[in-house]
Amino acid sequence: MIKVQTGQIVEFYSNSCCVASRGKEFKCKIKGRINLVVGDLVEIEITDGFEGLVTKLLDRVTTLYKSKEKVKKPIAANISHIGILVTKNPKTNLEFIDKWITISANASIEPFIIFNKIDLLQIDEFKEIQKVYEDIEIKTFQISAKYFTNIDELKKYLLKKTTIFVGNSGSGKSTLTSAITGKKILSKALSNNQGVHTTSVSTLYNIDEMQIIDSPGVRDIDIDHLKPKEIISGFPEIMNHSLKCVFPNCSHQLDEGCTVIAALKNGDIKESRYNNFIFLSNQEKSR
Ligand SMILES: Nc1nc2c(ncn2[C@@H]2O[C@H](COP(=O)(O)OP(=O)(O)O)[C@@H](O)[C@H]2O)c(=O)[nH]1
Ligand SMILES: [Mg+2]
Ligand SMILES: [Zn+2]
């Protein structure tokens, strides 16, 4: 009799994957043309002690997409939280943060911010930016991944969650993942039909009642599949004010009858948030 059980994709290669199920990991082939990503819940048929065949994809709770020429492509599934790493060096621009908040909002994933490398700072240089995001109810942490500062507090927050860390190259994603998982994160060598080459794959780490997804796919994520209506959902404070604009098709760029501009002037909407909203909206239109 064939044994069928459910599991979760913890690593995905071009035509095979690794599935965690009931405390074991199975190297699996994929039946037919099922499109799978790391984090997917699946049904597998056990063909051997540690080998199986993925026969069915179960419903995704959330899907993180990247877009290429407006066509969206899934890169990870069932993520509950996106941790946005912010550093002074390399400098993270606020547009990066707001873009990820917008992506999260549209994927029903909870974003939060991790200010990293605080050991390099003399004073609380993140104070102002932190306030901007706490004002819109985004959770923030100040840490040093290298020296384990506030890592316990962050780990507590990550319990029972499936999180992906995003940040510029050099912001400390690997250092943080190591600090949390206690594992050294290396790029893995893997082989495919074209021969053996070194690249990194998407991996889901199951540790201490939390899941961390490490995906190279998020490096150059674009949001050109999002419509204007979807972009504004990354800016809830702007959306709230926009409901009261006099003209229903208000661009929020001209003074007349615009409650968004009024809120910007009195400080209810922060300048950087407004500027990034206009920037991302116009970027969308110019395509
Ligand atoms: N001083 C300091 N350096 C850090 C911290 N976190 C990461 N780094 C350093 O920043 C560099 C880039 O880190 P890495 O984890 O490779 O960044 P990634 O490209 O986002 O994966 C490495 O030299 C790390 O040692 C931190 O909290 N403090
Ligand atoms: Mg890295
Ligand atoms: Zn307006």
Side-chain angles (χ1 to χ4, degrees), residues 82-93 96-97 100 113-126 140-155 163-189 198-203 205 212-221 228-229 231-233 235-266 268-269 271 273-282 285:
I82 289 179
I84 307 166
L85 266 85
V86 177
T87 50
K88 284 280 167 186
N89 188 10
K91 190 172 164 48
T92 309
N93 58 36
F96 181 89
I97 303 176
W100 275 103
I113 296 175
I114 303 161
F115 297 104
N116 188 29
K117 307 196 188 185
I118 58 167
D119 58 284
L120 297 176
L121 308 178
Q122 303 292 337
I123 49 158
D124 186 358
E125 290 183 52
F126 289 121
T140 65
F141 293 89
Q142 292 218 20
I143 68 155
S144 167
K146 190 171 178 177
Y147 298 103
F148 294 89
T149 314
N150 298 334
I151 294 297
D152 284 342
E153 183 199 348
L154 177 59
K155 275 176 99 166
T163 307
I164 192 164
F165 296 122
V166 299
N168 297 319
S169 174
S171 61
K173 296 179 295 296
S174 300
T175 308
L176 177 58
T177 307
S178 297
I180 289 169
T181 61
K183 289 184 185 172
K184 247 200 141 71
I185 308 301
L186 300 168
S187 298
K188 296 180 190 180
T198 304
T199 176
S200 46
V201 296
S202 294
T203 306
Y205 299 94
I212 308 291
I213 289 182
D214 186 22
S215 167
V218 300
R219 265 179 224 151
D220 52 355
I221 200 160
K229 193 170 86 218
I231 287 175
I232 202 169
S233 68
F235 298 83
E237 76 279 40
I238 295 179
M239 175 133 78
N240 283 343
H241 286 283
S242 75
L243 300 173
K244 287 164 262 157
C245 290
V246 172
F247 304 105
N249 59 349
C250 183
S251 68
H252 318 306
Q253 283 175 280
L254 302 167
D255 235 338
E256 205 192 342
C258 180
T259 42
V260 170
I261 301 267
L264 175 67
K265 283 181 178 164
N266 74 20
D268 282 353
I269 292 173
E271 217 174 302
R273 293 275 297 162
Y274 174 80
N275 289 341
N276 287 334
F277 165 68
I278 297 296
F279 175 77
L280 292 173
S281 304
N282 288 344
K285 272 184 226 142

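Counting starts at 1 for both ligands and their atoms, following the listed order.
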Ligand-residue contact atoms, ligand 1 with [X], heavy atoms, under 4.0 Å:
X	value
Ser169	19 (O)
Gly170	10 (O), 12 (C), 17 (O), 18 (P), 19 (O), 20 (O)
Leu120	1 (N)
Ala145	6 (N), 27 (O)
Ser171	17 (O), 20 (O)
Ser144	26 (C), 27 (O), 28 (N)
Asn168	20 (O)
Ser174	15 (O), 21 (O)

So which protein heavy atom does [atom] come closest to, and at what separation?
atom	result
atom 9 (C) of ligand 1	Lys117 NZ, 4.0 Å
atom 1 (N) of ligand 1	Asp119 OD2, 2.8 Å
atom 3 (N) of ligand 1	Lys146 CD, 3.5 Å

Does a side-chain heavy-atom distance below 4.5 Å link [X] with [Y]?
X	Y	value
Phe126	Leu121	yes
Leu120	Lys88	no
Phe115	Glu125	no
Thr149	Asp119	no
Lys155	Ile180	yes
Thr175	Lys117	no
Phe165	Ile114	yes
Ile143	Leu176	yes

| Hey, is there an N, O or S on Thr175 sitting under 2.8 Å from the Mg ion (ligand 2)? | no
For residues [X] and [Y], report the shortest heavy-atom separation together with the two atoms involved.
X	Y	value
Tyr205	Thr181	CB-CG2, 4.3 Å
Gln253	Tyr274	CA-OH, 3.6 Å
His252	Phe277	CD2-CE2, 4.0 Å
Met239	Ser233	CE-CA, 3.9 Å

| query | At under 4.0 Å between heavy atoms, which part of Thr175 makes contact with ligand 1: side chain, backbone, both or neither? | reply | both
| query | Which part of Asn116 is near ligand 1, with near meaning a heavy atom under 4.0 Å away: side chain, backbone, both or neither? | reply | side chain
| request: Verify the contact flag for atom 22 (C) of ligand 1, where contact means a protein heavy atom under 4.0 Å away. | output: no
| atom 18 (P) of ligand 1: protein heavy atom closer than 4.0 Å? | yes
| How is the N/O/S atom of His252 that comes nearest to the Zn ion (ligand 3) named? | ND1
| In Å and rounded to the nearest 0.5 Å, what is the OG1 to CG distance from Thr92 to Asn116? | 9.5 Å
| query | What angle, to the nearest 10°, do the atoms SG (Cys245) and SG (Cys250) form about the Zn ion (ligand 3)? | reply | 120°
| said: So, regarding Leu176 and ligand 1 (criterion: nitrogen or oxygen to nitrogen or oxygen, under 3.5 Å), is there a contact or not? | reply: no
| message | Can you confirm, on distance only, whether ligand 1 has an N/O atom lying under 3.5 Å from any N/O atom belonging to Ile118? | response | no
| task | Look at the N, O or S atoms of Cys258, main chain and side chain alike, and state whether any lies under 2.8 Å from the Zn ion (ligand 3). | result | yes
